[in-house]
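Have a look at the structure below, then the notes.
Count residues from 1 along the sequence. Source: prediction; values computed, not measured. Side chains are part of it too, since the values below use all heavy atoms of this structure and drop only hydrogens, waters and symmetry mates.
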Amino acid sequence: MQQHKLTPVQKAKRKAQEECRRRERRQREDLYRRRIERLRRQIEEARRRRQRLMLLLLLAILAMQESILATFRRSYIDWPDPNPKRDWTPDPRNDYAPAPDNDDYCDGYSYEQWTRMLNERGIKLSRKAELQGAWEADPEREFFPERYQLWGHKPYIGQLMYDLAAPYWRADAFAAIKLLTPVETHKYLDEAYATDPSDLRQCLSDRDSDIVQAFQTRAILWEERKRREAEETKRDKELSRKSDGDQGIPRPN
């Protein structure tokens, strides 16, 4: 078969088409090359960003650990005072005296220094010993349950309220509470303890005087609630009798 010969015009046209295809191919290659470079930059930036985030996370953890360490040192380490006041008089009633054979003390004094200052100033009284002596000399101590007679101080109502929540100590705690509260609250205490002890625990407060006041208020509200319940019960019975009479049911003589 005889090969078809191209005319000069056709040759020029084909050459132009091939040049156009080569130019498009180079453009696509440049485009893909730029895309690859952009992806590489994005990957590298993401790697650096991840490293920065990791660094920030480590710095945050380090700061948190240092803060916890500082709090721990402030809470549990008593730093001695480099220049303790020599004219200061210790007060053992505040229970600040260090324990025997213990050199740690918040004011920088060792146990020997503390003892020497007490002896020099003639201070012999201990707050704990004072409280225990007062409790042992209290004439009402014998009326308390044995658990509280053995305590080193007269029990507080707030402490008894916590014992009231423990089933094992509940009876002793209630008996002691009645010894420390006014007589006008005892009826309420007895009835609330017999029906719903949790009602008593709602009177818990930081001060004994507030607890007693709460008991007194609860006693008034308790009586008022009983009165309303009795009136409602009586009214319901009357309505029931009237309803039975309207239906022809004979009333009891």
Rounding to 0.5 Å, atoms CD (Glu136) and CG (Leu131) come to a distance of 11.0 Å
- State whether the side chain of Asp208 and the backbone N or O of Ile157 hold a donor-acceptor pair below 3.5 Å, judged by distance alone. yes
field: Ionic contact status for Arg227 with Glu231, cut-off 4.0 Å
entry: yes
Fill in: Arg218 to Trp222, cation-pi by 6.0 Å centre distance and 45° axis angle
no
Please determine if Asp190 and Lys187 form a salt bridge, counting it only when a charged side-chain N lies under 4.0 Å from a carboxylate O. no
Discussion item. Same cluster or not: Phe215 versus Tyr162, using hydrophobic residues (I, L, V, M, F, W, Y) connected whenever any side-chain heavy atoms lie under 4.5 Å apart?
Written reply: yes
Note: Gly158 and Leu204 closest approach over all heavy atoms is O-CD1, 4.0 Å
Side-chain donor or acceptor of Gln216 paired with backbone N/O of Thr185 under 3.5 Å: no
Nearest heavy-atom approach of Ile177 to Met161 is CD1-SD, 4.0 Å
(Q) With a 3.5 Å distance limit and no angle check, can you tell me whether Gln159 reaches the backbone of Tyr156 through a side-chain donor-acceptor pair? (A) yes
Exercise. Side-chain contact, heavy-atom cut-off 4.5 Å: Phe144 with Leu180?
Worked result: yes
Check: So do the side chains of Gln27 and Asp30 get within less than 4.5 Å of each other, counting heavy atoms only?
Finding: no
Shortest non-hydrogen pair, Ile211 vs Ser205, comes out as CG1-N, 3.5 Å
Would a 4.5 Å heavy-atom cut-off, applied to side chains only, mark Arg34 and Glu37 as touching? no
Correct closest heavy-atom pair for Leu164 and Ala173 would be N-CB, 3.8 Å
Using 4.0 Å as the upper bound for N to carboxylate O, is an ion pair formed by Lys154 and Asp138?
yes
### Message
Check Glu223 with Lys226, please: is the shortest side-chain N to carboxylate O separation under 4.0 Å?
### Response
yes
(message) Can a donor-acceptor pair be found, under 3.5 Å and without considering hydrogens, that links the side chain of His186 to the backbone of Leu179?
(response) no
Problem - Backbone of Trp135 reached by a side-chain donor or acceptor of His153 within 3.5 Å - result: no
Do the non-hydrogen side-chain atoms of Leu221 and Tyr188 ever get within less than 4.5 Å of each other? no
